[in-house]
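Along the sequence shown, residues carry numbers from 1.
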Amino acid sequence: MDKVVLGFAPTRRAIFSAPAAVVYRGLTAKRLKELNVDFVDIDDVNDEGLLYDDAGMEKIYEKFRDAKVDGLFVPHCNFGTEYEVCRLAKKLNVPVLLWGPRDECPDENGMRLRDSQCGLFATGKVLRRFGIPFTYLKNCNLEDECFAEGIDRFLRVCNVVKAFRNTRVLQISTRPFDFWSTMCNEGELLEKFGIQLSPIPMPELTQAMKDVKENSPEEIKEVTDYCREKMCIKVTPEQLDNVAALKIAMTRLGKKYGCNCGAIQCWNALQDEIGIMPCAANALLNEEGIPVVCETDIHGAITALLVEAAALDDTRSFFADWTIRHPDIENGELLQHCGPWPISVARETPKLTYPLAFSHPGSITAEAKHGEVTLARFDGDNGEYSMLLGKAKGVDGPKGMGTYLWVEVENIKRLEAKIVEGPYIHHCVGIHKDVVPVLYEACKYMGITPDLYDPIEEDVKAYLRGE
């Protein structure tokens, strides 16, 4: 994904010190550069490089619009002009971050220079009047650790919202007949969220594979060499070539239809057509940061895209079934799937072999790394959508088949009730990173209800405030 770009619109109000506001405009821009933040400045809009009137607001809007900024950062360099902030935010329709630096001590006569904190209170209220969701970073100094952390979190939130608003799912064939749980409302996803599906029939995939085999032997060799380097191969050379051809075909189809994630039928028609399961090919795409999920689970593909965006795309996610309880750990659960998890998730050298319960090859077997993971599921029905969110930790357990990880949660009964009562299903997405607060905050911009399976909402809110 492209880097996240912020529109930097520091604001002031006339009755407070304009020179002091200009100073803080410069200091804040300098700090953003130190943090390697990509931002569009407004120092050419007026002499001060500040937002405070309609004429400036219109110029700023046009500049940010043309630059296609992903978020709006509004430092209150003094009290700020709250209605101009809100007018700008309304026109841009991107995530908004409010922040103001700690105010100086009043001088010996009791005079105050800026009242930045007071202005934040005003802007927050007026944003609510405008119906604009926003993020708030607590009043702090530029050098404080919470400032850098807050900017980083907001960049991740912007990345999630950007991914969500630009989601186009490559849907390879229909859902398997038996999987009524993975049905989705294509029209509603488009109408409510702008999410697009690009459905293709199975023959289009098989034809694309045929084209790869006939015309791209070097590409196939590149993929099979990678597999031999990274995995223990337990399939025939011909079957491995099929895995590579499928991976390349899906990549090309994704580019053809402008998709950033995919969902594939995976059984039973596919393996009869091409002689392999698609799991390993899915894993190879997942390793490249192109989430592809099983059983034509559109909501699962969307979840994977959002989870990786929350990590700023530097950590790979894995698509899993909730399956069975741990035999010895009361709050333990087995996360497993036939073998589509990316190689970097594995705790051991993956085997490219036969999956559990199927007679065709093309699956990966490996236990995933332990450690803390975030588990998430975007889903909905009856016109309402939410995102299940929470954390778990990897634990030891019996040996499994396919790609798997035993995890322990705080309260499995509470989690089980959440999944059964819905709108969720037996699928989730995991990632070895704590992205719960980022996804929680992003939900407000996506029109989704965050649904924490542990009672940690106040802790998440405190973290987002920078406490």
Problem - Note: E82-R129 ion pair, threshold 4.0 Å (strictly below) - result: no

Practice task
Could you tell me whether the side chains of R252 and S216 share a donor-acceptor contact shorter than 3.5 Å?
Solution key: yes

Handout entry: Side-chain H-bond candidate by donor/acceptor type, N411 with Y453, under 3.5 Å
Key = no

Practice task
Answer yes when R13 and D115 have at least one side-chain N-carboxylate O distance shorter than 4.0 Å, and no when they do not.
Solution key: no

Practice task
Indicate whether any N or O donor in one side chain lies under 3.5 Å from an N or O acceptor in the other, for S317 and E308.
Solution key: yes

Exercise for the section: Search all heavy atoms of L88 against all heavy atoms of A9 and return the closest pair with its distance. Expected result: CD2-CB, 4.0 Å

Problem - D144 side chain vs N141 backbone, donor-acceptor pair below 3.5 Å - result: yes

Handout entry: Main-chain N/O of P101 paired to N139 side chain as donor or acceptor, under 3.5 Å
Key = yes

Exercise for the section: Go through the steps to decide whether Y385 and E188 satisfy the test side chain to side chain donor-acceptor pair (under 3.5 Å), and finish with yes or no. Expected result: CA-CA 11 Å; Y385 290 80; E188 191 168 81; 2.7 Å; yes

Handout entry: E288, CD atom: more than 12 neighbouring heavy atoms under 6.0 Å
Key = yes

Practice task
Could you tell me the separation between the OH atom of Y257 and the CG atom of L170, rounded to the nearest 0.5 Å?
Solution key: 8.5 Å

Problem - L335 to L375 - nearest heavy-atom pair and separation - result: CD1-CD2, 3.7 Å

Practice task
Report, as yes or no, whether the 6.0 Å neighbourhood of atom CD on E467 holds more than 12 heavy atoms from other residues, nucleotides or ligands.
Solution key: yes

Exercise for the section: Would you indicate whether R128, at its atom CZ, is surrounded by more than 12 heavy atoms from other residues, nucleotides or ligands within a distance under 6.0 Å? Expected result: no

Problem - Ring geometry between F318 and W341 (parallel below 30°, tilted from 30 to 60°, perpendicular above 60°) - result: tilted

Handout entry: Main-chain N/O of T81 paired to T11 side chain as donor or acceptor, under 3.5 Å
Key = yes

Handout entry: Evaluation steps, salt bridge (Lys or Arg N to Asp or Glu O under 4.0 Å), between E62 and K59
Key = CA-CA 5 Å; E62 290 171 3; K59 291 178 183 177; over 6 Å; no

Handout entry: Side-chain donor-acceptor pair present, S344, E287, cut-off under 3.5 Å
Key = yes

Problem - Six-ring centre of Y61, K91 cation under 6.0 angstrom, axis tolerance 45° - result: yes

Problem - Heavy-atom neighbours of D66 CG exceed 12 at 6.0 Å - result: yes

Exercise for the section: Please report the shortest heavy-atom distance between C86 and I132, naming the atom on each side. Expected result: O-CD1, 3.5 Å

Exercise for the section: Test the R12-Y52 pair against the cation-pi criterion, namely NZ or CZ under 6.0 angstrom from the six-membered ring centroid and within 45° of the ring axis. Expected result: yes

Practice task
For N331 and I412, indicate whether the former's side chain and the latter's backbone hold a donor-acceptor pair under 3.5 Å.
Solution key: yes

Practice task
Answer yes if the ring centres of W322 and H426 are under 6.0 angstrom apart, and no otherwise.
Solution key: no

Handout entry: T123 (side chain) donor-acceptor with L120 (main chain) under 3.5 angstrom
Key = no

Practice task
For side chain to side chain contact (heavy atoms under 4.5 Å, CB included), just list the numbers for V40 and F64, CA-CA rounded to whole Å, side-chain angles, deciding distance to a tenth of an Å, and then say yes or no.
Solution key: CA-CA 7 Å; V40 179; F64 288 174; 3.9 Å; yes

Problem - Ring geometry between F73 and W99 (parallel below 30°, tilted from 30 to 60°, perpendicular above 60°) - result: tilted

Problem - Minimum-distance pair of heavy atoms, taken over all atoms of C184 and H299 - result: CB-NE2, 3.7 Å

Completion exercise
From the list D451, T303, D297, side chain to side chain donor-acceptor pair (under 3.5 Å) with R377 holds only for D297

Practice task
May I ask you to check whether over 12 heavy atoms, not counting those of K30, lie within 6.0 Å of atom NZ?
Solution key: no

Practice task
Give a yes or no answer on whether the side chain of R156 reaches the backbone of A311 with a donor-acceptor pair at less than 3.5 Å.
Solution key: yes

Handout entry: Check: K418 side chain, K413 main-chain N or O, donor-acceptor pair, under 3.5 Å
Key = no

Exercise for the section: Looking only at non-hydrogen atoms, find the nearest pair between Y24 and R102 and report the distance. Expected result: OH-O, 4.3 Å

Exercise for the section: Say whether, by atom type as modelled, one donor and one acceptor occur between the side chain of T374 and the main chain of V435 under 3.5 angstrom. Expected result: yes

Handout entry: Cationic N near anionic O, under 4.0 Å, K444 to E441
Key = yes

Exercise for the section: Answer yes when K63 and D41 have at least one side-chain N-carboxylate O distance shorter than 4.0 Å, and no when they do not. Expected result: no

Problem - C294 versus N282, closest heavy-atom pair with distance - result: SG-ND2, 4.4 Å

Practice task
For Y463 and E149, test the side chains for any donor-to-acceptor distance below 3.5 angstrom and give the result as yes or no.
Solution key: no

Exercise for the section: Supply the atom-to-atom distance L98 CG to F121 CZ, rounded to the nearest 0.5 angstrom. Expected result: 11.5 Å

Exercise for the section: Scan side-chain atoms only and decide if H432 and T315 contain a donor-acceptor pair under the 3.5 Å cut-off. Expected result: no

Problem - Non-neighbouring partners of Y404 that pass ring-ring contact (aromatic ring centres under 6.0 Å, His included), sequence neighbours left out - result: none

Exercise for the section: Specify whether H337 and H427 have parallel, tilted or perpendicular ring planes, treating 30° as the upper limit for parallel and 60° as the lower limit for perpendicular. Expected result: tilted

Handout entry: Donor-acceptor pair, side chain of D53 and main chain of G56, under 3.5 angstrom
Key = yes

Exercise for the section: Return yes if some donor-acceptor pair links the side-chain N/O of Q171 with the main-chain N/O of I264 below 3.5 Å, else return no. Expected result: no

Practice task
Indicate yes or no: does K391 engage E372 in a salt bridge with an N to O separation below 4.0 Å.
Solution key: yes

Completion exercise
So CG of D70 and CG of L92: to nearest 0.5 Å the spacing works out to 11.0 Å

